[in-house]
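Keep in mind that the numbers below use all heavy atoms, side chains included, and drop hydrogens, waters and symmetry copies. Treat the numbers as computed from the prediction; the structure is a model and nothing was measured. Residue numbering restarts at 1 for every chain, and letters A, B, ... go by the order of the sequence lines.
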Protein chains: 2
Amino acid sequence: MSHFAHLSEENYLKALFKLSSKQVKKVNNIALAKELDLNPATVLEMVRKLSDRKMVQLMPDKTIHLTEKGRKKALLTIRKHRLWEVFLVDKLNYQWSEVHELAEQLEHIESEDLVNRLDAFLGFPASDPHGDPIPDKNGKLTQVQLIPLKEVELGKTYIVQSFAETADSFLDYLSKVDIRPAIKIKILDRNEYDQSLIVVINKKQLHLSEKVAKNILVKP
Amino acid sequence: MSHFAHLSEENYLKALFKLSSKQVKKVNNIALAKELDLNPATVLEMVRKLSDRKMVQLMPDKTIHLTEKGRKKALLTIRKHRLWEVFLVDKLNYQWSEVHELAEQLEHIESEDLVNRLDAFLGFPASDPHGDPIPDKNGKLTQVQLIPLKEVELGKTYIVQSFAETADSFLDYLSKVDIRPAIKIKILDRNEYDQSLIVVINKKQLHLSEKVAKNILVKP
DNA sequence: GGATTTTATTTGGCATGCCAAATAAAATGT
DNA sequence: ACATTTTATTTGGCATGCCAAATAAAATCC
């Protein structure tokens, strides 16, 4: 098949972009292997190919940096992913918590034109069903200042924007307690011992663990 | 990638279904290789895998037959292909002539549920933009009413679909006068005495005997 | 019937992506 | 500084799908 050639390239670039955005630790072979759940040998091999293709640059300290070309490809893939997610939720009535896997497949469809038409068909949405912004057709991303719920101030109200975790179990949990992008969340109290939070969502009081609070991103 | 495993299987099954529908000549290795534009060695290899997977049956005379399982998979792939074509034309404003390649990609998206939702979203269309019927979710294809050429109306144009006779002499004759599936045929006149027909194919006038006309199946 | 052409099959090879296990290099602990 | 752990890399191997070229078998021609 000529379609779907270099199928994994987009996944590597997306993962690299995600890691570089988090900038928590340096992005090396191991970190990337962990993110993609692949063998380090596999990742090293592929990273060298990506280097040959001028998608990444291997630094002397072994960290992996996206080139401008790689970054753009990553962002266009993220654009495709998020637009397909909007399609699945808005048009096919999927729940926002169940579209990720399908979008993983759909994002690999090769056609700039198709994704631009899809964008228009969906009414040029600014963000996907998880609240993450959709890059424009040139790969430009308008970032919003996101705050982990863990670090918010007591007594204030925030708007849920997106999440720092994609595990199904996490998304299912959010869905169950009705936490989703664009919903308002008021911070009542913080338990200093275990860093858990008491919040109010839809007029219902809710207790969120530190682990959950760390992965919910809000804006003021 | 776990997605898109056995990616080519669906293409082989589709091609086999297409060839078996035409039933012009026996479906063997060479015919399939020609249809898929692949090396016969490649096709033989894959056909054996499909046989292991119980998708096809290899007959003693070397012809390749779809099993019930293979036929169903082929029809469900055709269903996906045609529904995506409807989507591209109806929703994204593509011309019907430019959607085939995109649908070739989209048809490989793995999700029964997705395609059924797409079907509903499109309003359960009966046929694709090319006029070909869309199989239902069980893989059942409502065949277009086939009419023996003998019984058509004068003055109208029909599309050749298949043949009710498999004798080599008959097929050789068809080949000689350029009658093949999908070709347009216009009915000019009928000789009431011997029930023979005067038709136009490729702008050339042709005289067909009753015996021949009985065995050519067309659709409006 | 023997020669030629066509069809069928085998063989060896290639590219993409993946892994496990072995080894080498670097970082970290004591 | 030495030992241990972590990280990086190499090696050999596997599965999917593809090809060209060689060979074997079958069909067709004369």
Working for salt bridge (Lys or Arg N to Asp or Glu O under 4.0 Å), residues B:Glu9 and B:Arg53: CA-CA 10 Å; B:Glu9 177 178 286; B:Arg53 294 175 201 160; 2.8 Å; yes
query: Could you give the CG-to-C1' distance, from B:Asp61 to D:dA27, as a whole number of Å?
result: 14 Å
task: Under the ring-ring contact (aromatic ring centres under 6.0 Å, His included) rule, collect the residues that match up with B:Phe87, sequence neighbours excluded.
output: A:Phe87, B:Trp84
message: Measure CG/A:Leu58 against C1'/D:dT9 and give the value in whole Å, please.
response: 13 Å
A:Leu7 CG to C:dC18 P, straight-line distance once rounded to whole Å: 9 Å
Under 3.5 Å, N/O pairs linking protein and nucleotides 19-27 of chain C:
residue : atom : partner : partner atom : Å
C:dC19  : OP2  : A:Asn39 : N            : 3.0
C:dC19  : OP2  : A:Thr42 : OG1          : 2.9
C:dA20  : OP2  : A:Asn39 : ND2          : 3.2
C:dA20  : N7   : A:Asn39 : ND2          : 3.2

task: Kindly indicate whether a cation-pi arrangement holds for A:Arg71 with A:Phe17, taking the cut-offs as under 6.0 Å to the six-membered ring centre and within 45° of the axis.
output: no
- prompt: For C:dT7, does OP1 or OP2 lie under 4.0 Å from any side-chain N or O of B:Asn28?
  reply: no
query: Side-chain N or O of B:Ser8 less than 4.0 angstrom from OP1 or OP2 on D:dT16?
result: no
task: May I ask you to evaluate whether B:Tyr12 reaches the phosphate of D:dT16, defined as a side-chain N or O under 4.0 Å from OP1 or OP2?
output: no
field: Counter-base of C:dA22, judged by Watson-Crick or G-U geometry with both distances under 3.5 Å
entry: D:dT9
message: Among A:Met55, A:Lys69, A:Lys18, exactly one meets side chain to side chain contact (heavy atoms under 4.5 Å, CB included) together with A:Leu13. Which residue is that?
response: A:Met55
- prompt: Please give, in whole Å, the distance from D:dT9 P to A:Met46 CE?
  reply: 17 Å
task: Would you kindly give the CG-to-P distance between A:Asp52 and C:dG17, to the nearest whole Å?
output: 13 Å
message: How many whole angstroms separate atom CZ of A:Arg53 from atom P of C:dA15?
response: 13 Å
task: Kindly say if A:His6 contacts the phosphate of C:dA15, meaning a side-chain N or O under 4.0 Å from OP1 or OP2.
output: no
task: With sequence neighbours excluded, tell me which residues meet side-chain hydrogen bond (donor to acceptor under 3.5 Å, both in side chains) with A:Asp132.
output: A:Ser162
query: Do you know which two heavy atoms are closest between B:Gly139 and B:Leu76, and how far apart they sit?
result: N-CD2, 3.8 Å
Six-ring centre of B:Tyr12, B:Lys73 cation under 6.0 angstrom, axis tolerance 45°: no
message: From the set C:dG17, D:dT9, D:dT7, return the single nucleotide nearest to any side-chain atom of A:Arg48.
response: D:dT9
query: Which whole-number value in Å describes the distance from B:Asn11 CG to D:dT16 P?
result: 16 Å
Integer-rounded Å distance: D:dT28 P and B:Ile30 CD1: 14 Å
